[in-house]
Structure formats: C-alpha cells, structure tokens
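Written out below as structure tokens is the structure these notes cover.
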Amino acid sequence: MTQQPPPSDHAADEADVIVVGAGPAGSATAHYLARAGLDVLVLEKSTFPRDKVCGDGLTPRAVKQLVAMGVPIDEDDGWVRNRGLRIIGGGVRLELDWPQLASYPGYGLVRARRGFDETLVRTAQKAGVRLAEGVTVTGPLLDDRTGRITGVTARQTAPARDNGAARGQADEQQSERRYRARLVVAADGNSSRLSVAMGLRKRDDRPLGVAVRTYYTSPRHRDDYLESWLELWDGQRLLPGYGWIFGMGDGTSNVGLGLLNTSEAFANIDYRALLKRWLAGMPPEWGYTEEHRTEPVRGAALPMGFNRTPHYTRGLLLVGDAGGMVNPFNGEGIAYAMESGAIAARVIAQALSSAAGAEEVLRSYPQQLKDAYGGYYTLGRKFVGAIGNPKVMRLATRHGLSHPVLMRFTMKLLANLTEPRGGDASDRIINALSRMTPAA
Ligand SMILES: Cc1cc2nc3c(=O)[nH]c(=O)nc-3n(C[C@H](O)[C@H](O)[C@H](O)COP(=O)(O)OP(=O)(O)OC[C@H]3O[C@@H](n4cnc5c(N)ncnc54)[C@H](O)[C@@H]3O)c2cc1C
C-alpha cells in the first residue's frame with residue numbers, strides 16, 4: 001500500500017476558508033463549511049479542553065443547533081436536561097415549562113463550557129475541519145491594492161498538537177506564520193481583535209452586558225429548571241439584569257449575575273461584591289458560601305443586538321460574539337453564535353461556487369442576519385432601554401410576575417421561542433412585532 005506523504009507546510013498554511021476561534025460560532029461555521037465540501041482551517045489560540053466564562057445554560061434554541069450539527073447530547077456524557085425556567089422576583093416564584101413547539105425541542109440543557117466547546121470542535125473535526133490549537137492570530141494579511149483580507153498572521157503560543165496544520169517545533173513558538181485563504185471568518189469572540197484590525201469597532205449605540213459567575217458545591221446541583229432571580233439591588237436601586245442558579249448535575253451549581261449598560265449604575269458597580277451581597281440572602285444549606293466555592297469569580301462582556309457592524313467587509317465575515325449577536329432580552333449567546341455560523345457557512349459555500357457573483361452573495365450576509373434577528377434585536381434594545389429605568393424594572397417585577405399568561409408570553413419573547421409560521425396568539429404577536437420593527 002502506498003502511503004500518502006504528509007501535507008507540505010504550504011498546503012497546511014492554505015485553505016478555502018480560515019475560521020479564527022473555536023468557540024460555538026467558529027465550530028459551527030467550520031462544521032457546515034466542511035460539510036459543504038470546503039477545505040477549512042480553524043485557528044484557535046487556546047488548547048482543548050479549555051474554559052470560557054459562561055452561565056452554561058442552553059435554551060431549546062441552542063439544543064436545536066446541537067441536534068442539527070449532530071452533536072451527541074446523551075445525559076450519560078454530562079448533558080443535564082431542563083424543562084423550563086424558574087423565575088423568582090416580586091415575592092413570586094414561577095415555574096414555566098419551555099413552550100411545546102414544532103420548530104424547537106421541548107427541553108433545554110446545561111453543560112460546562114470546558115466539555116461543551118471541545119465536543120463541538122471535535123464534531124467539526126469529524127466533518128473534515130482542520131484545527132490548529134495554540135495558534136494566536138495576530139492580524140489580517142491584506143491585498144495591497146484592494147485592502148481585501150487574503151489570510152492572517154499567527155503565532156504558535158502554546159505547544160501544538162499533531163493536527164497537520166501547525167507543528168510545534170520549539171523555534172516556531174515565537175515566529176510569525178502566514179496562513180492564506182479565499183475568505184476569513186472572525187469567530188474570535190467579544191473583543192474580536194481581527195475585526196478591529198479590519199476597522200470594525202464596537203458600536204456604542206448598542207447594548208452591552210457584563211456578567212460574572214462562579215461555581216459552588218451544592219445540594220441544588222440537580223434542577224429541572226434554569227433559575228433566574230429578577231431582583232438585584234444596589235442599596236435602594238433595582239438593577240436591570242438578573243442572577244442565575246443553574247444546576248450542573250455534577251455536585252456543583254453555576255451561580256452568576258449579569259447587568260445591562262442601560263442603567264446609571266452600570267459603570268460603577270462592583271460585580272463581585274454585588275454577587276456576594278445577593279448570595280448572602282440565600283438559605284445557608286444551599287451552600288453558596290466561600291468555603292463551598294470551587295472556582296474564582298470571573299466576568300466578561302456580553303455584546304448584544306449587533307453591536308459590531310457591518311457583518312461583512314472585504315473578505316471577512318463576523319459570526320457570534322465577534323458580531324455582537326447576544327440576545328439583548330436574556331443574554332443568551334450560544335444559540336446565536338451557532339445560528340450565525342450556519343448562515344455564514346451557507347453564504348460562503350454559495351459565494352465560492354459562483355465565481356462571477358461571489359461578492360454580491362457575500363454582501364447578502366448582513367441582510368440575511370437582519371432578516372433573521374434585526375427586528376427582534378431592535379425590540380430588545382427598546383426593552384433594555386426601558387428596564388434601565390428602575391421604576392419600569394420595579395413595575396415589571398412587582399406586577400408582571402403575578403400574571404401567568406403574561407409570563408408565558410414574556411418567556412416566549414425573552415427566549416425568542418415562537419413558531420415561525422402559524423403558532424398560537426402569542427407566537428403571532430411576537431412575530432408580527434419583530435417583523436414590524438425596523439431592523440437596524
Ligand atoms: C458570565 C457569562 C455568562 C453567560 N451565560 C450564557 C449562558 O448561560 N447561555 C448562553 O447561551 N450564553 C451565555 N453567555 C454568552 C456566551 O458565552 C457567548 O455568547 C458565546 O460564548 C459566544 O460564542 P463565540 O464562539 O462567538 O465566542 P467565544 O465563545 O468567546 O469563542 C471565541 C474563541 O476565539 C478564540 N480566540 C480569540 N482570539 C483569538 C485569536 N486572536 N486567535 C485565535 N483564537 C482566538 C478564543 O480562545 C475562543 O475559543 C454568557 C456570557 C458571559 C460572559
């Protein structure tokens with residue numbers, strides 16, 4: 001039998017598409033590109049398994065994406081199912097099951113990002129994606145004449161695995177290497193240095209959240225519901241945001257809180273102190289005290305409502321947090337990272353197969369995102385603006401929560417879970433509102 005020669009460095013450094021970052025957005029994009037028959041190289045600065053600051057909660061919207069990608073989600077592999085949301089506030093404790101819809105599964109999941117992100121990227125590799133771990137992208141390679149991105153420069157910043165794309169000789173650790181591709185996808189998360197280097201900065205007319213989280217060993221580690229606490233107080237001031245307690249099923253709870261930048265308090269809040277004060281009011285037997293904390297309290301930003309645009313420029317497409325796609329209503333980002341990855345992959349596959357009109361197809365990507373989320377995110381921005389006013393927030397928690405029908409409607413709206421066509425009255429109202437509201 002003749003053996004295939006190992007791929008040359010030249011081939012290893014070239015691909016149809018380079019995806020920068022192997023979070024949920026990058027893995028989903030790469031997976032669908034490989035399934036479309038394209039040669040895809042993912043460059044990821046960390047090595048798996050790696051952590052990511054997150055609540056680890058997945059709504060049915062995210063579960064749908066996992067099922068579509070063929071990710072194994074067996075409970076034996078550490079995936080914990082939930083049946084809905086428990087909302088606590090205004091003296092009310094309400095359990096709302098996820099809506100039963102034809103378009104979405106009827107359950108959510110919890111899974112720590114350490115395992116979640118690795119499972120996703122391994123699924124993408126099985127589809128044919130080449131992954132180079134420990135490779136930090138340092139900037140775009142540009143065509144002098146057109147300013148178009150033709151690849152990226154990168155450094156091996158952690159020992160490489162045997163991935164066929166980057167080999168970890170000691171002398172390579174510091175030297176910069178060039179990777180070339182016909183198109184590049186920025187899936188490098190909230191700070192998206194690659195987008196910034198291409199001139200795409202964050203928009204300050206769009207909402208931004210900040211959230212902190214940690215883990216505690218707790219008897220509450222198994223829970224059929226994702227629990228949200230709507231009342232976070234800064235002295236006498238009710239803050240726009242919520243706290244969460246998600247059972248990890250492994251003896252621990254993921255506990256955290258997030259706030260929106262629409263309140264005056266946003267800039268001056270000490271998030272760790274707020275978390276401590278909030279948890280001080282919990283029953284001691286739940287174990288949310290220092291001696292049961294298993295991880296440091298860590299925080300990060302949630303870029304919401306398209307807070308970086310345009311989503312396509314000069315050969316570069318933005319997916320997930322890089323494109324600011326977190327849902328402003330509830331802070332959920334994983335589902336949108338994966339969905340935008342699927343949309344981007346479809347657009348790229350089409351563009352690369354139609355030489356003449358390729359650029360036109362690529363330019364349709366921002367419009368396709370607007371069609372999918374634009375109106376809904378505009379509504380989300382208005383919602384976020386409204387609850388930035390403590391009076392509105394107080395009114396909503398005091399009076400809204402005691403109306404189960406209103407709350408079921410609100411849950412569908414906040415989690416963006418409606419039947420796209422038909423459905424019940426609340427589905428139709430939410431869809432109509434999203435359609436009527438201008439996408440911006
Ligand atoms: C505290 C907190 C709680 C949250 N809770 C939830 C939740 O419960 N549910 C939910 O759905 N969402 C939640 N989110 C949002 C969610 O974490 C993000 O929306 C999601 O991770 C976005 O995925 P992404 O792939 O776009 O980016 P990321 O997950 O950030 O992945 C980006 C990847 O790019 C890599 N990278 C970055 N720069 C480079 C570079 N220069 N070169 C190579 N690689 C690079 C990173 O290492 C990383 O692997 C939460 C966010 C925070 C901060």
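Keep in mind that what you see is a predicted model, and the values were worked out from it rather than measured. For ligands, and for the atoms within them, numbers begin at 1 and follow the listed sequence.
- Neither side chain, Asn190 nor Asp321, offers a donor N or O lying under 3.5 Å from an acceptor on the other.
- Ligand 1 places these atoms under 4.0 Å from at least one heavy atom of Arg50: 48 (C), 49 (O).
- Note: Tyr376 and Phe329 have tilted aromatic rings, judged against thresholds of 30 and 60 degrees for the angle between ring planes.
- Residue-to-ligand polar distances place Asp321 within reach of ligand 1: an N/O pair is separated by less than 3.5 Å.
- For the atom pair OG1 (Thr410) and CG (Leu96), the distance works out to 9.0 Å, reported to the nearest 0.5 Å.
- For ligand 1, the atoms sitting less than 4.0 Å from at least one non-hydrogen atom of Gly320 are 26 (O), numbered in the order shown with element in parentheses.
- With a heavy-atom cut-off of 4.0 Å, Leu58 does not touch ligand 1 at all.
- The shortest N or O to N or O distance between Val326 and ligand 1 is not below 3.5 Å.
- Neither the backbone nor the side chain of Leu194 has a heavy atom within less than 4.0 Å of ligand 1.
- A donor-acceptor contact closer than 3.5 angstrom links the side chains of Glu419 and Ser103.
- Between Gly341 and ligand 1 there is no heavy-atom distance shorter than 4.0 Å.
- Partner Asp13 forms a salt bridge (charged side-chain N to carboxylate O under 4.0 Å, His left out) with one of Arg177, Arg180, Arg178 and no other, that one being Arg177.
- The nearest heavy-atom contact from the protein to atom 38 (N) of ligand 1 is Asp188 CB, 3.6 Å.
- Within the cation-pi definition used here (under 6.0 Å to the ring centroid, within 45° of the axis), Arg111 does not qualify as a partner of Phe116.
- Proximity of Leu302 to ligand 1, defined as any heavy-atom pair under 4.0 Å, is confined to the side chain (atoms from C-beta onward).
- Within ligand 1, counting atoms from 1 as listed, the ones closer than 4.0 Å to a heavy atom of Ile334 are 10 (C), 11 (O), 12 (N).
- Taking every heavy atom of Gly331 and a limit of under 4.0 angstrom, the matching atoms of ligand 1 come to 12 (N), 13 (C), 14 (N).
- Between Val297 and the choices Val53, Val212, Val255, the side-chain contact (heavy atoms from CB on, under 4.5 Å) rule is met once, by Val212.
- The closest protein non-hydrogen atom to atom 9 (N) of ligand 1 is Gly57 O, 2.8 Å.
- The local environment of CZ in Arg193 is sparse, with at most 12 non-hydrogen atoms from other residues, nucleotides or ligands closer than 6.0 Å.
- At the top of the distance list for atom 24 (P) of ligand 1, counting protein heavy atoms only, stands Ala25 CB, 3.9 Å.
- What sits closest to atom 31 (O) of ligand 1 on the protein, heavy atoms only, is Gly23 CA, 3.5 Å.
- Considering both main-chain and side-chain atoms, Gly55 comes within under 3.5 Å of ligand 1 through a nitrogen or oxygen pair.
- Less than 4.0 angstrom separates some heavy atom of Val135 from each of these atoms of ligand 1: 42 (N), 43 (C).
- Between Val137 and ligand 1, at least one pair of N/O atoms sits closer than 3.5 Å.
- Inclusion of Gly333 in the set of residues having an N or O under 3.5 Å from an N or O of ligand 1 is warranted.
- A donor atom on one side chain and an acceptor atom on the other are not found under 3.5 Å apart for His221 and Ser218.
- Partner of Asn82 under the side-chain contact (heavy atoms from CB on, under 4.5 Å) criterion, chosen from Asp224, Asp223, Val110: Val110.
- Residue Pro24 places at least one N or O, backbone or side chain, under 3.5 Å from an N or O of ligand 1.
- Every N/O-N/O distance between Trp244 and ligand 1 stays at or above 3.5 Å.
- Ion pairing between Glu95 and Arg83 fails under the 4.0 Å rule for side-chain N and carboxylate O.
- From the protein, the heavy atom lying nearest to atom 47 (O) of ligand 1 is Glu44 OE2, 2.6 Å.
- Atom CE of Met407 and atom CG of Leu94 lie 6.0 Å apart (nearest 0.5 Å).
- Residue Asn416 forms a side-chain hydrogen bond (donor to acceptor under 3.5 Å, both in side chains) with just one option from Tyr336, Tyr104, Tyr377, and that option is Tyr336.
- At least one heavy atom of Ser46 sits less than 4.0 Å from an atom of ligand 1.
- At a cut-off of 3.5 Å, with distance as the only test, no side-chain donor of Asp74 or Trp79 sits close to an acceptor on the other residue.
- Contact analysis puts Ala187 in contact with ligand 1, with a non-hydrogen atom separation below 4.0 angstrom.
- Closest protein heavy atom to atom 6 (C) of ligand 1: Cys54 SG, 3.3 Å.
- The distance between the ring centers of Tyr312 and Tyr365 does not fall below 6.0 angstrom.
- Looking at Ala337 next to ligand 1, no N or O pair under 3.5 Å apart turns up.
- Checked by atom type and distance alone, the side chain of Asp117 never pairs as donor or acceptor with a backbone atom of Lys52 at under 3.5 Å.
- For a threshold of 3.5 Å applied to N or O pairs, the pair formed by Thr136 and ligand 1 contains no separation below that value.
- With Tyr225 as the partner, the side-chain contact (heavy atoms from CB on, under 4.5 Å) test is satisfied by one option alone out of Asp97, Leu85, Ile245: Asp97.
- Not close to ligand 1: Met325, with no non-hydrogen atom less than 4.0 angstrom away.
- Residue Arg113 places a heavy atom under 4.0 Å from ligand 1.
- The closest heavy-atom contact to atom 39 (C) of ligand 1, among the options Met304, Lys45, Glu133, comes from Lys45.
- Among all protein heavy atoms, the one lying closest to atom 30 (O) of ligand 1 is Lys52 CE, 3.4 Å.
- Considering backbone and side-chain N/O of Arg213, none are found under 3.5 Å from N/O of ligand 1.
- When each of Arg50, Lys45, Arg122 is tested with Glu133 by the rule salt bridge (charged side-chain N to carboxylate O under 4.0 Å, His left out), just one qualifies, namely Arg122.
- In terms of protein heavy-atom proximity, atom 27 (O) of ligand 1 is closest to Gly189 CA, 3.7 Å.
- If you number the atoms of ligand 1 from 1 as listed, the ones under 4.0 Å from a heavy atom of Ala211 come out as 1 (C), 2 (C).
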